[in-house]
Structure formats: C-alpha cells, structure tokens
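One structure, pasted below without further comment.
Lettering follows sequence order; numbering is per chain, from 1. Excluded from the calculations below are hydrogen atoms, water molecules and symmetry mates; all remaining heavy atoms, backbone and side chain alike, are included.
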Amino acid sequence: MTADSPRTRAAAVLVPMPAERAYSYAVPDGMQVVPGSIVRVPLGPREVAGIVWDGPVEAVDPKKLRPIAHVFDCPPITEQMRRLVDWIAQYTLSPPGMVARMILRAPEAFDPEPWTEGIKRSDGEPDRMTAARTRVLEMANDGMAWTRSGLAHAAGVSSTVVDGLRAQGVFETVMIPPRPVVAAPDTSYAAAELTGDQGAVAAGLRDQVEADRFAVTLIDGVTGSGKTEVYFEAIAAALDKGKQVLILLPEIALTQAFLERFQNRFGAKPAEWHSDLPPRMRERVWRQVAEGGVRVVAGARSALFLPFNNLGLIVVDEEHDPAYKQEDRVFYNARDMAVVRAHIGGFPVVLASATPSVESRVNAEQGKYARAVLSARFAEAALPQLATIDMRRSPPARGGFLSPVLLGKMRETLGRQEQSLLFLNRRGYAPLTLCRVCGHRFGCPVCSAWLVEHRFRGQLVCHHCGHNERRPEACPECGTFDHLVACGPGVERIAEEVVSHFPDARTIVLSSDMLGGVKRLRLELEAIANGEADIIIGTQLVAKGHNFPNMTLVGVVDADLGLANGDPRAAERTYQLLSQVTGRAGRTGKKSLGLLQTFQPDHPVMRAIVSGDSEAFYDREISEREKAALPPFGRLAGIIVSAATRPEAESHARGLRRAAQVAQDVHVLGPAEAPLALIGGRHRFRLLVQADRKADIQGYIRALLAAGPKVRGSVRVQVDIDPQSFL
DNA sequence: AGCACGCCGACT
DNA sequence: GTCGGCGTGCTC
C-alpha cells in the first residue's frame, strides 16, 4: 500500500526471495501503483519483478529507500490472491516472498502481448486479375482481418501475390489483437445425459456455483461412474455465470485423453498449465488468464498460482494423488490450498477420486466436506473380476517369481490374442546383489540404500541418489569370481522369466528409466494401444492415464510391496495404487481379470481390492490412525534439515532435537524414526513433529527453530506442515 | 533465491 | 603468477 509523507511516497513490495516481509520502495512522482500492481524494483545488483503489497509501509532508512523502476501494464494481482499468499506463507512457515514468487513465474507476461500487423480488404481494385489473385480476393472478401502469410496460405498462393495486391491498395493495414490460446468453451455444446444420482449430485453442485458459496464436495466414485461428467456440469454452471474455472490434475494425468474429453463436452480444449509448457505458451496463458480471456485452465499444482481475476470454481481431480504435494522451497499440498483458495474466494471446490485420501474421507465424516458417492452401477460391465493369488499355496517355480496360476492366465490371454500387463513397482533387474561366498552386499557409498542391479545396462544403480557403478565380475570383498547373486525381482528380471515361458510373445518393459526418454515412452505406449505387444511389464507409470483397449489381464507381481515400509500411509497408498493398476484391465467391454500375487490375501488392502467394498477398509484405516494419533487426527509436520553430507545433516537434526523443549501435546519423533533421503545431491533429514492443533504445531516449530542451533553454512532447514483439517 | 565478495588449490 | 571452487552475507 502507498503511504504519503511530506517528501516521498513509499510502497510495500513483496519481492521473489525469502524475505520475511515486504520491502519498502519509493514511488516516483507521477507513478500510479495500487495493491497488487506488478512492478520492477531494484534489488541488490539487479532488478526483479515484485508485487505491491497491502498493509503499512515499514519505515526504512531513507538512504536505503530505492525507487520503483517500472509499473507493468498488467491487471493487478487480486486481493483474493494476495490473501492466499499471506495465508500459505503463514500456514507453511515460508517467507511470503517465496510464495509470491510462485505467482511471478512468467516474467514476459507482465507486458501486454503485442498486436500483430494484418491486412483487410479495402475499396481498392487490382489493375488486372489472375487466377491466383482471384483466389486471394475470394478468401479476403469475408471482410475479416488476415495476416499476410495466413491469407496466402489459405488461398494456396505465394505471399508475393498478396504483397502485390497490397501494393495496389487492395488491402488496408489493420492491427490484429493477440490470438486467444484456446477457443471459448460452449456450455451447451454436448451436455451429457445424467442418470439418477449423477443428476442429483450435478444439480447440487450447480446450486453451489450459482449461490457463489464456499463448499467442498468430495465426489467418490469408481472409474466409469460418471465423476467427470458430473463435475463438467458444475463447470458449465460456473461458465454460464461468467466465471473462470480451474481444474487441477496430477501432473502425469495431464493427458491428451482428458483434454479431448473436455473438448467433446465443451467444443474447445481448456488452456493447459504444467512444467513442460513451452515458455512462449506459458506467457500467453498467464496473460490471458490475468485478463480473463482464458475461461478454463487444466493444470498441475502450480496452476493454483495463476492470476485468475474471476475464479468461480476449482475441481481437484484424483484428489488423493501424492503429486499434489510440493516438497521443495514452499511445502504445500495443492489440493488443500485449493480448498483455502475457494474459501477466500467464496466459491465451491470439488474434490474427485475413485480412491479418496483418508483425510478427505474424515473431513467428509466430520461434516466439513460434503460427500457424494456415485454408484458403480453404470461401470459394472467394465469392471475387471479381481482375485488374489496366495503365494504360499501357489508358489512360483524355483528361481521364478510368477505363480503358475498367473502364468496359466497369461497363456489363456495370449491364446485369445489379448494383452496382459504385469505390474511391479521396481525398476531394474534385482533390488539387492550379494556374494554367495562371503555375504558381501552391494550398498551405495553415498547413502544408505542397496544398489539395484540393472543387468541390461550392466550397472549397479542407487535409486535414492542416482549413484551408479559397473557391475563387477568378482566380489570386491573376497575376490571370488562368478558368485554374485541377484536377490528379488525387478521388472527386467520378470521380463526374463516371461520370455522363458512365452518365447514367441511380443514382450515389452516400460519403466521411467527407459532408454530414449519420454518421447520413446510415448511411442511405446501408442504402439501398445495399437496392439503391437502381447505382454507388458511395467512400473508405476503404467498405472495411470493410459487406456489399452485390448488389455484383459492385469497381474500384480508383488501386491505386498510397500505395505511394510513403516509409512503410516502405506496401506492407503497401496490400496490406491493397486486400485488404479487393476483398473487398467476392463476398459474393453470384454471380460477381464485382475490378479494380485500376495503372501497376505487376508490383508485389509487385498480384501478391499478384491471385494470392491472400500467402506470397511476406510473405517479400519481411520480408526487405526485415530488410535495412533496420526493424521488426520493429530497433526504431523516435518522439519527438513538438508546438508551436503549425511553426518552434517544428522548432527544438525540432533541439535534441533536437543533444543526441543517438548511442550505439552507435542511430540518430536526422530531423528532415528524419521526417513533419510538424498535428493538433489543433498542429504535431507526429516524431524517429525506431532501435535493436535494447528496453532500448537506452528507455534512449537517457530519456538524450536528459534531455540535450535543457528543454521549456517550449507545446512538448510525447511518446514513441511502436513495440512489436514485446517478449516 | 541470486549474486558478489573473499580466501585457498591446479593450471593457461 | 591467475582461474575458480563454494562458504558467507546482503538485498528496501
């Protein structure tokens, strides 16, 4: 805000760096700024873009006060967005400047898009006609403005023909406004016919949108139950009201398939927003969102920070997806911040999932969220038949990992010329290699993980930090040759086993470390969809998005994987993943089958998957957490200490732990219990803090950080608040 | 987060 | 003798 003093006007400006408060800048005479204005200000040796902020301007040494260099010709960041920045900064204990930085991620967009020069038919007539000229004039007689190249292309002539006509005064020069990044959606383009409960849920959402009322609705329904069709009607209502709409999708799910589905309903695609967007497109989308020209954005979590000026609805699809959580710089969960955004804006938010997160289910049970269950009735035909394979009763052959039951079904599937998918969430050949003579195990020299053998590449790789080395012939400990054994399966090893059983089948392995990168992967997925493979062996990435029309068998090689890793969310995550994977079968209309290889067929996760009845599973999961006072019943925050070396990080975390004057109702877990990981070349250490109320945990962490050892050198401390029921 | 300043190892 | 490694400190 600006403040008038006898000599200089000053404004508070939030700059994109970890400053705890807005800095003060002088406003030169004649310059107009309002809260939300995007300005260029000097900061140290350079100039940066900042946002003029609300609140009193802090008095600062007049010698330090530097003037705002420039006010961008750009719609100001709205009050709702500014309140969101303050809220997130406060809640996540991040510097507000760092939160503001997430808004300012399209630097070229702060200036208006340039108008381009075009031409339009005028009164002038050409000196003589040719065939080419006739075609050009036929096109141009619509009286619309054309670009020169566009007109030439449309008429099928060279641009010299157009230039020749222009020289004779046949065209006048006009300026053409920037082209919209997407066409306007048409809410009446292809309204879906909704049945029974779908219609009722859609009507409820429409009412919320029309009432401009904050409300959270959790739409809970399996694939094919019409979740998307239902929230499309809420989107239509918001658009009819002249509002903008944001659809959040987990990054991987930003697939062409969703955009096409939207287009089939609204006649135009939504604008996309994700990290892979080319810079030029990024700027145009940002700008057109700020100006209100873009009505619907489908985006990854960062789309929450787009400068909407008239937002009326947010949809968070696959709300349980961990990709919504950002775990660097500012730690936040976009799903929860979307709820906060809607609360600030006073409009509804829709959370959709076939496998909701436990915290959303609890929020629904506590009445904070409404829960709309869509029955699977309409999807039943498409649901695969699911069963467990008890690996104690049907063990694999010696040295193998696939049970005869699964192999038998694969053979039948091959016989029908249909596709099978084997899912194993582990890259490489084997997760552990050891020496049969001396027992030496190959561990990562950098971190604590075992090295994973990648036989195809002839390497031992650390999946934690990326360290890799050649697989040696002899044991480095005892020197014995040819006695290294691979323990456990990875997708490469499963592929080996499959090929030995089905040498004539076309088998393909899909994992994120595939040679050739994303491009190759996309081609392979397309090839599979076209039926160019019989057996697909894949890691997590096959679980999402893609539809394989001929896939009638899904086998989960190790359904227990991930259940015993000490994560309080292990069961929930496994349930969600297995649900998604088994859902890859049965998109065909044909009879399809999902088989889970497990040593614990009576585990609640397996029972929930096989029976399709998730209610009991959620009830149990909720009561387990209640007993353990884990989220969503307690609050859990992580203090992340990161340093270049592991001892440094550990000693610092111990220092913080020592400094902990454990307050009532607050527990500090770790360091021993906390997971240690190496990310981006830095050792990260998470100290878990648990408390019952939001205020407790934030106050406690503030006190702890103040009392703890001074953070200096290359040690960094960040705070990750696990946001549960914050409303 | 950038970016400059500043002090110790391997090279044009 | 310099180039450059990243530790430290500052930005209205």
Side-chain angles (χ1 to χ4, degrees), chain A residues 1-29 31 33-72 77 82 85-86 88-89 92-108 110 275 279 302 305 326-332 446 640-649 651-652 655 678-684 705 708-720:
Chain A
M1 198 49 173
T2 59
D4 288 302
S5 75
R7 20 195 85 247
T8 45
R9 288 187 302 151
V13 177
L14 209 47
V15 289
M17 58 150 212
E20 280 306 324
R21 39 187 63 249
Y23 283 172
S24 304
Y25 283 88
V27 182
D29 285 342
M31 181 182 278
V33 292
V34 295
S37 292
I38 300 182
V39 293
R40 194 169 59 228
V41 291
L43 183 70
R46 67 218 143 102
E47 285 194 334
V48 295
I51 307 172
V52 175
W53 218 242
D54 314 75
V57 182
E58 209 174 298
V60 68
D61 179 358
K63 285 196 291 289
K64 277 182 138 186
L65 198 66
R66 298 167 76 185
I68 294 174
H70 177 68
V71 185
F72 288 100
I77 301 301
R82 302 199 303 276
V85 168
D86 283 334
I88 292 177
T92 63
L93 301 176
S94 313
M98 289 306 286
V99 184
R101 204 176 81 113
M102 299 194 286
I103 295 180
L104 301 170
R105 281 262 183 85
E108 303 303 316
F110 306 151
S275 53
S302 60
F305 295 95
Q326 172 151 81
E327 299 208 61
D328 62 298
R329 298 182 176 97
V330 180
F331 290 71
Y332 69 93
V446 187
I640 287 119
V641 179
S642 76
T645 68
R646 181 174 167 171
E648 207 184 350
S651 95
H652 200 83
L678 197 140
I679 297 170
R682 294 177 68 84
H683 288 265
R684 286 161 42 121
L705 292 182
K710 261 223 184 82
V711 179
R712 61 184 140 51
S714 60
V715 180
R716 272 207 297 267
V717 175
Q718 288 160 318
V719 178
D720 170 18

**Q.** Value in whole Å for how far the C1' atom of C:dG9 lies from CG of A:L43
**A.** 14 Å
Q.
In whole Å, I'd like the distance from the CG atom of A:D61 to the P atom of C:dT11.
A. 11 Å
Could you list the donor-acceptor pairs under 3.5 angstrom formed by side chains in residues 92-102 of chain A, with sequence neighbours left out?
residue : atom : partner : partner atom : Å
A:T92   : OG1  : A:I88   : O            : 2.7
A:T92   : OG1  : A:S94   : OG           : 2.6

(Q) Quick check on contacts: within residues 19-26 of chain A, what sits under 4.0 Å from DNA chain C by heavy-atom distance? (A) A:Y23, A:S24, A:Y25
**Q.** A:Y25 side chain vs A:A69 backbone, donor-acceptor pair below 3.5 Å
**A.** no
(Q) I'd like to check the side chain to side chain donor-acceptor pair (under 3.5 Å) partners of A:S24; sequence neighbours left out, ordered by chain and number. (A)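 So A:S24 forms no side chain to side chain donor-acceptor pair (under 3.5 Å) with any residue.
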Q) What residues, two or more places apart in sequence or in another chain, satisfy ring pair (Phe, Tyr, Trp, His ring centres under 6.0 Å) together with A:Y23? A)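 So A:Y23 forms no ring pair (Phe, Tyr, Trp, His ring centres under 6.0 Å) with any residue.
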N/O donor to acceptor pairs below 3.5 angstrom from side-chain atoms of residues 55-62 of chain A, sequence neighbours left out:
residue : atom : partner : partner atom : Å
A:E58   : OE1  : A:R21   : NH1          : 2.7
A:D61   : OD1  : A:K63   : N            : 3.0

(Q) For residues 36-47 of chain A, which residue pairs pass the side chain to side chain donor-acceptor pair (under 3.5 Å) check, not counting sequence neighbours? (A)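 Side chain to side chain donor-acceptor pair (under 3.5 Å) check on residues 36-47 of chain A returns A:R40-A:E47.
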**Q.** A:E327: partners by salt bridge (Lys or Arg N to Asp or Glu O under 4.0 Å), with sequence neighbours left out
**A.** A:R686
**Q.** Whole-Å gap separating P (C:dC12) and CD1 (A:I51)
**A.**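 So the two atoms are 18 Å apart, to the nearest Å.
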(Q) Students should find this one: the first and last nucleotides of DNA chain B, 5' to 3', lying under 4.0 Å from a heavy atom of chain A. What are they? (A) B:dA1 to B:dC3
(Q) Under 4.0 Å, counting only non-hydrogen atoms across every strand here, what does A:R46 touch: a base, just sugar-phosphate, or nothing? (A)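 Since a base atom lies under 4.0 Å of A:R46, the category is base.
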Q | For A:F110, all residues meeting ring pair (Phe, Tyr, Trp, His ring centres under 6.0 Å), sequence neighbours excluded | A | A:F72, A:W286
